[in-house]
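Comments concern the structure below.
What you see is a predicted model; the values in this text were computed from it and never measured. Proteins come first, then strands; the chains are lettered A, B, ... in the order of their sequence lines, and each starts at number 1.
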Amino acid sequence: MQQHQHRIAGEEVNIFVPQDRVDLDVFLEWARSAAMAGPLALDTETTGLDIFSPNYRLRTVQFGTRDTAFVVHWERGGHFQEYALRVLRNAHNFTIHNAPFDWLVLGEHAGIPLESLAPRTIDTKILAALVDPRQPMEGGIGTGLKPLSAYYIDPTSPDTQGDLTAVFRSLGLTKATGWRSIPLGHPTYNLYAGLDVILGSRILPILVSELDRLGVRDALRQYEHEIARICAVMQRTGMVLDDEYTRELDAALAAEAEEFAAVAARYGVENINSTAQVAEALLGMGERLTERTASGAVKVDKAVLLALADRNMQWEPLGVRRRNPLAEAVLRSKRAGKWRSAYAQTFLDGADLRGRVHPNINSLQARTGRMSVTGPALQTLPSSDWMIRRCLLADEGHVMVSTDFAAVEMCVLAALADVKRMKEAIAAGIDLHNFTAGLVYGEGFTKAHRKICKGVGFGTVYGGGPVTIARQTGAPEDDVRFAQAKYHRVYPEIKRTAQRWQREAYASGMVTVSVTGRRLPLDRDRAYAVVNYQVQSAARDCLGQAMITMEEAGLLPYLRLPIHDEVLASVPATEAEELAREIERCMTFDLMGVPISAEAEIGGRSWGSLYGADY
DNA sequence: TGCGTAGCG
DNA sequence: ATATACGCTACGCAC
């Protein structure tokens with residue numbers, strides 16, 4: 001038995017690395033008795049993060065308690081796998097930090113489906129996010145195992161991931177190759193693999209007592225675990241990539257990026273992504289660049305360049321000035337390059353052997369609880385053009401269905417703040433912005449009035465002032481001021497509730513608690529954001545609840561992606577109507593007397609078909 | 001790593 | 001006393 005010792009918070013801990021069958025029997029005996037006492041901490045080391053790529057490997061599986069860890073070398077096969085599997089199958093409870101990753105790894109590479117593992121898992125990352133969802137940059141502890149351990153357990157506990165990169169370098173490896181190539185027997189690798197489960201085991205009771213102390217209900221913890229599991233199933237399912245179309249698109253974008261980069265080069269811009277070069281060249285052509293960035297640099301963003309290229313924000317010709325050919329070239333080359341690297345190539349790189357991409361869904365990422373999607377960032381694909389979304393397909397014989405909540409943030413605001421007249425309008429099925437315009441301007445209101453009222457509505461949800469709303473809507477500032485003042489007279493409950501939320505936050509250490517019991521830390525100098533946090537967070541929980549309802553209705557196999565107020569699904573073409581109605585039903589419910597509703601749109605085979613593509 | 005930028009709800 | 005647009009992911013450059 002290989003053995004490593006370390007000190008955590010002044011106590012000696014032991015990491016054991018079984019080398020043979022005799023050692024494995026010791027491991028099994030230990031695991032049996034340790035699992036009786038409480039949850040076993042579980043973790044894996046793998047070749048990387050690309051779980052679904054063809055030559056991905058599971059390397060070790062670690063089990064631990066507060067003072068002992070066993071690192072089982074899965075990669076050695078045979079008895080090593082057999083013994084690890086026995087514990088994975090039989091232990092009653094596990095604690096994992098960032099469980100979806102290990103669920104998917106063990107599902108794909110150890111044959112333990114997440115349907116078996118998830119119901120036995122407590123995810124300490126979820127618990128940490130419920131204690132404080134902020135990242136270290138935002139003034140929080142962070143939800144990574146390292147910052148949590150440093151804060152709650154031992155400030156000197158090693159950065160097990162970070163320090164290993166130094167080890168990788170000493171072995172002539174890089175961050176990219178290290179996890180794959182470090183020898184399985186490397187002492188630091190095994191020590192750190194073991195320490196992770198020991199730290200995970202120690203962090204669990206601390207976070208649980210923090211949640212109890214803070215009064216975070218157990219139901220919320222359970223709810224988040226359900227949502228994490230549902231998102232992990234979606235990630236495992238993934239989406240079909242239209243490989244042929246994507247390759248052609250990638251080539252076309254590469255050609256376009258190159259063509260217009262060559263044009264820019266003729267004006268002295270060697271690198272179209274260098275804002276300094278672009279600014280200098282434009283100034284050299286006699287253009288006046290008046291806008292500055294926050295740090296004082298000359299601003300040459302899309303809005304500035306579009307104006308120089310005599311185009312509006314939709315890229316349509318304006319005909320008000322001579323088109324600056326450099327601005328035009330930079331715009332086109334940048335867009336093509338961005339779409340290629342961020343989307344087309346990420347799709348192609350991420351596809352598994354069956355041609356499916358598996359976006360990583362972080363079910364509890366933002367400080368409001370909102371979800372995020374990475375690798376690829378499918379929540380952020382261009383929506384003004386179908387070209388990129390056209391790459392992703394419904395399954396064979398299926399069509400895409402996209403179901404959006406109807407104005408969910410406004411409905412949530414009406415519910416949370418108990419806004420009487422808003423609730424009446426929503427219940428009557430009246431268009432809210434028309435209704436508001438009627439109240440503000442009288443029945444003879446114009447389209448421009450409606451636009452201002454819509455802007456004021458959004459501004460209220462975001463905590464915006466007249467200047468920003470005027471900029472966003474293009475309306476004169478005075479008009480916005482008038483509408484905003486009237487808005488708050490018409491819906492007086494909003495300001496009243498906002499003040500109550502702020503008062504409660506100040507009285508409780510700058511934390512506002514959402515309607516579902518989620519703790520939302522506020523920045524002291526941005527207390528106005530409390531309205532947005534409450535609304536965004538409750539809207540997120542509307543989506544979360546709907547996802548749980550959809551699973552109960554047997555719809556989970558069709559779900560592909562959550563997008564804040566929308567769910568994307570792939571459904572058999574023959575049952576599309578029926579399933580679309582079923583999804584709508586699951587997304588329709590009452591929130592504190594306000595009807596939350598949703599509308600499904602049935603597309604064709606590709607996601608792009610919902611944005612104008614003909615396939 | 002910070003900044004500037006572009007994409008989304 | 002008054003007013004403040006919110007939340008993300010990702011890429012490339014410059015340091």
Separation of B:dG9 atom P from A:Y611 atom OH, nearest Å, is 6 Å

Between CG of A:L306 and P of B:dT5 the distance, given in whole Å, is 13 Å

Contacts of A:D525 and A:Q536 projected onto DNA chain C by closest heavy atom; the upstream (5') one is A:D525

Against the side chain of A:H564, the closest entry in B:dG9, C:dC6, C:dC11 is B:dG9

Exercise. Taking the six-membered ring of A:W339 as reference, does the NZ or CZ atom of A:R335 fall below 6.0 Å from its centre and within a 45° cone about the axis?
Worked result: yes

Practice problem: Could you tell me whether A:I388 contacts a base, only the sugar-phosphate backbone, or nothing, with contacts defined as non-hydrogen atoms closer than 4.0 Å? | Solution: nothing

### Message
Assess whether a salt bridge exists between A:D132 and A:R134, defined as any Lys/Arg side-chain N lying under 4.0 Å from an Asp/Glu carboxylate O.
### Response
yes

A:L253 atom CG is separated from B:dG7 atom C1', nearest whole Å, by 14 Å

| Between A:D523 and A:D525, is there a donor-acceptor pair closer than 3.5 Å when you use the side chain of the first and the backbone of the second? | no

Among the nucleotides B:dC8, C:dT4, C:dC13, whichever has the atom closest to the side chain of A:P466 is C:dT4

Winner on side-chain proximity to A:T346, out of B:dT5, C:dT9, C:dC11, is C:dC11

Paired to C:dT4 by Watson-Crick or G-U wobble criteria (both distances under 3.5 Å) is none

Of the listed C:dC6, B:dT5, C:dT9, the closest approach to the A:K334 side chain comes from B:dT5

Ranking A:A377 and A:Q502 by the position along DNA chain C of their nearest nucleotide, the one closer to 5' is A:Q502

Separation of C:dC6 atom P from A:Q135 atom CD, nearest Å, is 18 Å

inquiry  = So A:Q365, base contact, sugar-phosphate only, or nothing? Heavy-atom distance under 4.0 Å.
reply    = sugar-phosphate

Does OP1 or OP2 of C:dC8 have a side-chain N or O of A:S372 closer than 4.0 Å? no

Rounded to whole Å, CD of A:E138 lies from C1' of C:dC8 at a distance of 10 Å

Over all strands shown, is A:V300 touching base, sugar-phosphate only, or nothing at heavy-atom distances under 4.0 angstrom? sugar-phosphate

Picking from B:dC8, B:dT5, B:dA6, the nucleotide nearest the side-chain atoms of A:K338 would be B:dA6

Separation of C:dC11 atom C1' from A:R335 atom CZ, nearest Å, is 17 Å

How about CD on A:E258, more than 12 heavy atoms from neighbouring residues, nucleotides or ligands closer than 6.0 Å, or not?
no

Open item on the list: Regarding A:G465, tell me which of base, sugar-phosphate or nothing describes its non-hydrogen contacts under 4.0 Å with the strands shown.
Closed with: sugar-phosphate

Among C:dG7, C:dA5, B:dG9, the one nearest any side-chain atom of A:D565 is B:dG9

Winner on side-chain proximity to A:S384, out of C:dT9, B:dC8, B:dT5, is B:dC8

Per atom distances to the A:N273 side chain, the nearest of C:dC8, C:dA10, C:dC13 is C:dC13

message: Looking at C:dA14, I'd like to know if its phosphate oxygens (OP1 or OP2) sit under 4.0 Å from a side-chain N or O belonging to A:S274.
response: yes

Would you call A:E224 and A:R540 a salt bridge, taking side-chain N to carboxylate O under 4.0 Å as the test? yes

Rounded to whole Å, the CG-P distance (A:L413 to B:dG9) equals 21 Å

message: Check this for me: does any side-chain nitrogen of one of A:R340 and A:D250 sit under 4.0 Å from a carboxylate oxygen of the other?
response: yes

Per atom distances to the A:Y528 side chain, the nearest of C:dA5, C:dC13, B:dG7 is C:dA5

- Could you tell me whether A:T374 contacts a base, only the sugar-phosphate backbone, or nothing, with contacts defined as non-hydrogen atoms closer than 4.0 Å? sugar-phosphate

So, OP1 or OP2 of C:dC6: does either fall under 4.0 Å of a side-chain N or O from A:R526? yes

By the Watson-Crick or G-U definition, both distances under 3.5 Å, C:dG12 is matched with B:dC3

Whether A:Y533 contacts C:dG7 is assessed here as follows: a side-chain N or O lying under 4.0 Å from the phosphate OP1 or OP2. Is that the case? yes

message: Heavy atoms only, 4.0 Å cut-off, all strands: where does A:G375 land among base, sugar-phosphate and nothing?
response: sugar-phosphate

Quiz prompt | Pi-cation contact, A:Y245 with A:R390 (under 6.0 Å, within 45°) | solution = yes

Quick test of your reading of the model: are A:R332 and A:E259 salt-bridged, counting only N-O distances below 4.0 Å? no

To the nearest angstrom, the CD-P distance between A:Q379 and B:dG7 comes to 17 Å

Report which part of the nucleic acid A:V531 touches: base, sugar-phosphate, or nothing (heavy-atom distance under 4.0 Å, all strands).
nothing

Self-check item: Side-chain donor/acceptor of A:R540 to base of C:dG7, under 3.5 Å
Solution: no

Inset, instruction - For C:dA5 and B:dG9, measure between their P atoms and round to the nearest Å. - result: 22 Å

